[in-house]
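We use all heavy atoms of the structure for the numbers below, so side chains are in, but hydrogens, waters and symmetry mates are not.
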Amino acid sequence: MHDLISVIIPVYKVEKYLCRCVDSVLEQTYTNMEIILVDDGSPDNCPVMCDEYARQDSRVKVIHQENAGLSGARNAGIDMAQGQWLAFVDSDDYLAADFLERLYQACVDTGSSLSVCRWEYVRGETIPEHGTGETRVYTGREMLANLYVPDGAYFVVAWNKLYRKELFEDIRYPLGRIHEDEATTYRIYDKVKKAAYVDRSLYGYFVTPVSITRGFNPKRMDWVTAVAERLDFFEQKGYTELMVPGLQALADGSIDIWFGLRDQLPGSEKQQEEIRTLIREGLRRVKKYGKFPLRTEIGYRMFLTWPGLYRKLLNQVKDENGKQ
């Protein structure tokens, strides 16, 4: 008998997309699963839809709770899960039919406690079958390094993965914060001895009209907090080889957020100064572990002195790269 997999789906104001998501899980080729629908106080028809799924299929379980946000919904699902393995699916996304089977088999074949696949931006169509299909095995330390590779988003997010449940024994998602994956996934990797990467697009990340047009969210400062905490964690654990790329990622992302704060959030001078302080500290802190590329360091110093010029030159570089 294959192990039981608990698939956790937080549900909030997605009645237009919920059936597509849940049906893609029910139609998985791997059938020994439970589906935990966490109605996070959704004010639309989602609670009724969740209960109807539970009535129709005994594998579906429903939690109704007051709104606690994405982290709170995932945590409730983890607490209820009976499976030896966990998977998370956002309720407007959907899965390829062999998502669970491929990720589970990769763990079994390689003795891994976690597996990861590629994902694709989708708008309702079948998930494109990109990738070689091969499976690569990494240590937990290598998975931490993968946070900084060009396709690092595959390794950050919560929902394109299959996890041994015991990895979450003392880990939960932080309540009240967005970018909760950035605050959590690295702590999972720290506990992993082996992880499998399946080079196949098996998860569809649905791009909604709202996600395309939405403006700057001031809660993006949560990203700064999470990535700064991650660097402190690396330092405490002795992951010295991750400090330079980690400091650079923190600086690059924080500068982007700084411009969003300055341009779109009047009264955010305190947060802007926090970011400038982070950049200054990063320029000092990096010396203990190596150095930024010269062009990068010059850019950071230019940002601190002439942010307008920095942005102009950065946009020029992006335009030139786009033409190549």
Among residues two or more places apart or on two chains, list those pairs meeting salt bridge (Lys or Arg N to Asp or Glu O under 4.0 Å) that have a residue in [range].
range: residues 142-153; result: none
range: residues 22-37; result: Glu34-Lys61
range: residues 182-202; result: Arg118-Asp199, Asp170-Lys191, Glu182-Arg230, Asp190-Lys237
range: residues 37-54; result: Glu52-Arg55

Are [X] and [Y] ion-paired here, with the side-chain N under 4.0 Å from a carboxylate O?
X: Asp181; Y: Arg74; value: yes
X: Glu273; Y: Arg276; value: yes
X: Asp92; Y: Lys13; value: no

Are any non-hydrogen side-chain atoms of [X] and [Y] less than 4.5 angstrom apart?
X: Met302; Y: Arg311; value: no
X: Cys117; Y: Leu103; value: yes
X: Cys19; Y: Tyr53; value: yes
X: Val38; Y: Val11; value: no
X: Val116; Y: Val198; value: no
X: Met243; Y: Lys288; value: no
X: Val25; Y: Leu95; value: yes

Check the orientation of [X] and [Y]. Use parallel for under 30°, tilted for 30 to 60°, and perpendicular for over 60°.
X: Trp119; Y: Tyr205; value: tilted
X: Tyr239; Y: Phe233; value: tilted
X: Tyr173; Y: Phe168; value: tilted
X: Phe303; Y: Phe259; value: perpendicular

Drop me the distance from [X]'s [atom1] to [Y]'s [atom2], to the nearest 0.5 angstrom.
X: Leu162; Y: Ser115; atom1: CG; atom2: OG; result: 4.5 Å
X: Ile5; Y: Ile35; atom1: CD1; atom2: CD1; result: 11.0 Å
X: Glu15; Y: Ser91; atom1: CD; atom2: OG; result: 11.5 Å
X: Glu129; Y: Glu120; atom1: CD; atom2: CD; result: 10.5 Å
X: Ser112; Y: Tyr104; atom1: OG; atom2: OH; result: 13.0 Å
X: Asn146; Y: Thr139; atom1: CG; atom2: OG1; result: 9.0 Å

[X] side chain to [Y] backbone, donor-acceptor under 3.5 Å:
X: Asp222; Y: His179; answer: no
X: Lys161; Y: Leu86; answer: no
X: Asn32; Y: Asp3; answer: yes
X: Lys165; Y: Ala81; answer: yes
X: Asn75; Y: Ser71; answer: yes

Asp98/Gln28 under side-chain contact (heavy atoms from CB on, under 4.5 Å): CA gap, chis, key distance, verdict: CA-CA 6 Å; Asp98 55 347; Gln28 289 291 296; 5.8 Å; no
Restricting to non-hydrogen atoms, name the atom on [X] and the atom on [Y] that form the minimum distance, rounded to 0.1 Å.
X: Leu100; Y: Ala87; value: CD2-CB, 4.1 Å
X: Ile8; Y: Gly77; value: CD1-C, 3.4 Å
X: Gln84; Y: Leu4; value: OE1-N, 2.7 Å
X: Asp79; Y: Arg172; value: OD1-NH2, 2.9 Å
X: Ile36; Y: Ser6; value: CD1-CB, 4.5 Å
X: Glu241; Y: Gly238; value: OE1-O, 4.5 Å

>> side-chain contact (heavy atoms from CB on, under 4.5 Å) for Val192 and Tyr163? Distances and angles first, verdict last.
In response: CA-CA 10 Å; Val192 167; Tyr163 311 79; over 6 Å; no
How far apart are the C-alpha atoms of Gln272 and Ser268, what are their side-chain angles, what is the distance that settles it, and do they pass the side chain to side chain donor-acceptor pair (under 3.5 Å) test? CA-CA 6 Å; Gln272 293 176 45; Ser268 62; 3.0 Å; yes
Query raised in the report: Does a donor on one side chain and an acceptor on the other come within less than 3.5 Å for Glu235 and Tyr289?
Result: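 The answer is yes; a qualifying pair exists.
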Run the side-chain contact (heavy atoms from CB on, under 4.5 Å) test on Val122 and Tyr94 for me, step by step, so that the C-alpha distance in whole Å, both residues' side-chain angles and the decisive distance to 0.1 Å come before the verdict. CA-CA 9 Å; Val122 291; Tyr94 50 96; 3.2 Å; yes
| Do Arg177 and Glu229 pass the salt bridge (Lys or Arg N to Asp or Glu O under 4.0 Å) test, and can you show the C-alpha distance, the side-chain angles, and the key distance before you say yes or no? | CA-CA 13 Å; Arg177 287 165 58 176; Glu229 289 173 349; 3.2 Å; yes
Are [X] and [Y] grouped together when hydrophobic residues (ILVMFWY) are joined by side-chain heavy atoms under 4.5 angstrom apart?
X: Val227; Y: Ile257; value: yes
X: Val22; Y: Val48; value: no
X: Val207; Y: Leu202; value: yes
X: Met143; Y: Val137; value: no
X: Leu175; Y: Trp223; value: no

Show me the donor-acceptor pairs within less than 3.5 Å that the side chains of residues 246-254 make with the rest of the protein, sequence neighbours left out.
| from | atom 1 | to | atom 2 | distance (Å) |
| --- | --- | --- | --- | --- |
| Asp252 | OD1 | Tyr300 | OH | 2.7 |
| Ser254 | OG | Leu250 | O | 2.6 |

Check: So among Leu70, Ile78, Asp93, Val157, which one has a side chain to side chain contact (heavy atoms under 4.5 Å, CB included) with Phe88?
Finding: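 With Phe88 as partner, Leu70, Ile78, Asp93, Val157 yield a single side chain to side chain contact (heavy atoms under 4.5 Å, CB included), made by Ile78.
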Open item on the list: Against Arg220, only a single residue in Leu261, Leu265, Asp256 fulfils side chain to side chain contact (heavy atoms under 4.5 Å, CB included); can you say which?
Closed with: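 Exactly one candidate clears the test, Asp256.
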* Show which residues join Ile298 in its hydrophobic cluster (side-chain heavy-atom contacts under 4.5 Å, direct or indirect), or state none. =>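 Members other than Ile298 - counting any ILVMFWY side chain reachable under 4.5 Å - are Leu294.
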Are Tyr203 and Trp159 near enough that their ring centres are under 6.0 Å apart?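 Yes, ring centres under 6.0 Å apart.
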Between Phe155 and Tyr189, is the ring centre distance below 6.0 Å?
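So the answer is no for these two rings.
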task: Go through Leu283 and Phe292 one step at a time and tell me if the side-chain contact (heavy atoms from CB on, under 4.5 Å) criterion holds.
output: CA-CA 8 Å; Leu283 287 165; Phe292 295 129; 4.1 Å; yes
